[in-house]
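Structure first, commentary second.
A note on names: the letters A, B, ... follow the listed sequences, proteins ahead of strands, and every chain is numbered from 1. All values below were derived from every heavy atom in this structure, side-chain atoms included, with hydrogens, water molecules and symmetry-related copies excluded.
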Amino acid sequence: MALVHRVDLNHVQQMIWQAVAQIPAGQVTSYGTIAKDIGFPNHARYVGATLKKLPSDSRLPWHRVLNSKGAIAFAKGTPQYQEQRLRLEQEGVVFIEGRAQLVG
DNA sequence: TAATTGACCTAAG
DNA sequence: CCTTAGGCCAATT
């Protein structure tokens, strides 16, 4: 049998979408956490690359995914940063010094 | 085919 | 707190 150690990236993508869809409104997680949760601890970047491909009309809560520091990955001041932050604030997420605050 | 890029992460100064 | 360096890996050039 031809050993196929090759990973099915389509499936990985689906798991990523699934994981992102699970994030409750008003809560956030990180690219690395998602990667770890789906069993691919070294694919934090791939999580970002996957979200990047999302169509603009996607209903997936991509805005609930931040970097390991709890900050928005986009450069401050960019339209994408603004949109993500606005979406989060509309869900009640509070930012202090550019970092989303933990429930508390 | 090789090099570069990127919505990342962590450890170490 | 900040910066640097190394690691990571699919996608793009």
Next item on the list: Describe the nucleic acid contact of A:Ser30 in one word from base, sugar-phosphate, nothing, applying a heavy-atom distance below 4.0 Å.
Entry: sugar-phosphate
Next item on the list: Using whole Å, report how far OH of A:Tyr46 lies from C1' of B:dC9.
Entry: 19 Å
Check: Given that A:Ala49 and A:Arg45 both sit by DNA chain C, which one's nearest nucleotide is further toward the 5' end?
Finding: A:Arg45
Check: Between the main-chain N or O of A:Ile23 and the side-chain N or O of A:Arg64, is there a donor-acceptor pair closer than 3.5 Å?
Finding: yes
Check: Whole-Å distance between B:dC9 P and A:Leu66 CG?
Finding: 10 Å
Item checked: Of A:Arg99 and A:Asn42, the one whose closest DNA chain C nucleotide lies more 5' -> A:Arg99
Note to self: If I take atom CZ in residue A:Phe40 and atom C1' in nucleotide B:dC9, what distance separates them, rounded to the nearest angstrom?
What the structure shows: 18 Å
Check: Hey, does A:Leu66 have a side-chain heavy atom less than 4.5 Å from the side chain of A:Gln84?
Finding: yes
Next item on the list: Only counting residues at least two apart or in another chain, list the ones meeting side chain to side chain donor-acceptor pair (under 3.5 Å) with A:Glu89.
Entry: A:Arg85
Checklist line | OG1 on A:Thr50 to CZ on A:Arg45, rounded to 0.5 Å | finding: 13.0 Å
Next item on the list: List the atom of A:Tyr81, the atom of A:Phe74, and the distance in Å for their closest heavy-atom pair.
Entry: CD1-O, 3.5 Å
Notebook entry, point to check: So does A:Glu91 pair up with A:Arg87, basic N to acidic O under 4.0 Å?
Noted result: no
Item checked: Inter-nucleotide P distance (C:dG6, B:dA7), Å rounded -> 23 Å
Notebook entry, point to check: Are A:Val94 and A:Ile72 joined in one hydrophobic group, where the rule is that I, L, V, M, F, W and Y side chains link up if heavy atoms are under 4.5 Å apart?
Noted result: no
Margin query: Using a 4.0 Å cut-off on heavy atoms, which residues in residues 13-23 of chain A reach DNA chain B? List them by number, or say none.
Written below: none
Note to self: Rounding to an integer number of Å, can you tell me how far A:Arg87 CZ sits from B:dA7 P?
What the structure shows: 17 Å
Item checked: Flag if over 12 foreign heavy atoms under 6.0 Å of NZ, A:Lys76 -> no
Notebook entry, point to check: Which part of the nucleic acid does A:Phe74 contact within heavy-atom distance under 4.0 Å: base, sugar-phosphate only, or nothing?
Noted result: base
Next item on the list: Identify whether any heavy atom of A:Lys53 sits under 4.0 Å from a base atom; if not, whether one sits that close to sugar-phosphate; answer base, sugar-phosphate or nothing.
Entry: sugar-phosphate
Item checked: Spacing of A:Asp37 atom CG relative to B:dC8 atom C1', expressed in whole Å -> 15 Å
Note to self: Could you tell me how far apart A:Asn67 (CG) and B:dT10 (C1') are, to the nearest whole angstrom?
What the structure shows: 13 Å
Margin query: Rounded to whole Å, how long is the line connecting atom CG of A:Leu51 with atom C1' of B:dC8?
Written below: 12 Å
Check: Mind checking which nucleotides bracket the chain A contacts on DNA chain C, 5' to 3', with an atom under 4.0 Å from a heavy atom?
Finding: C:dG7 to C:dA11
Next item on the list: Could you give me the CA-CA distance, side-chain angles and deciding distance for A:Val47 and A:Phe40, then say whether side chain to side chain contact (heavy atoms under 4.5 Å, CB included) is met?
Entry: CA-CA 10 Å; A:Val47 173; A:Phe40 292 88; over 6 Å; no
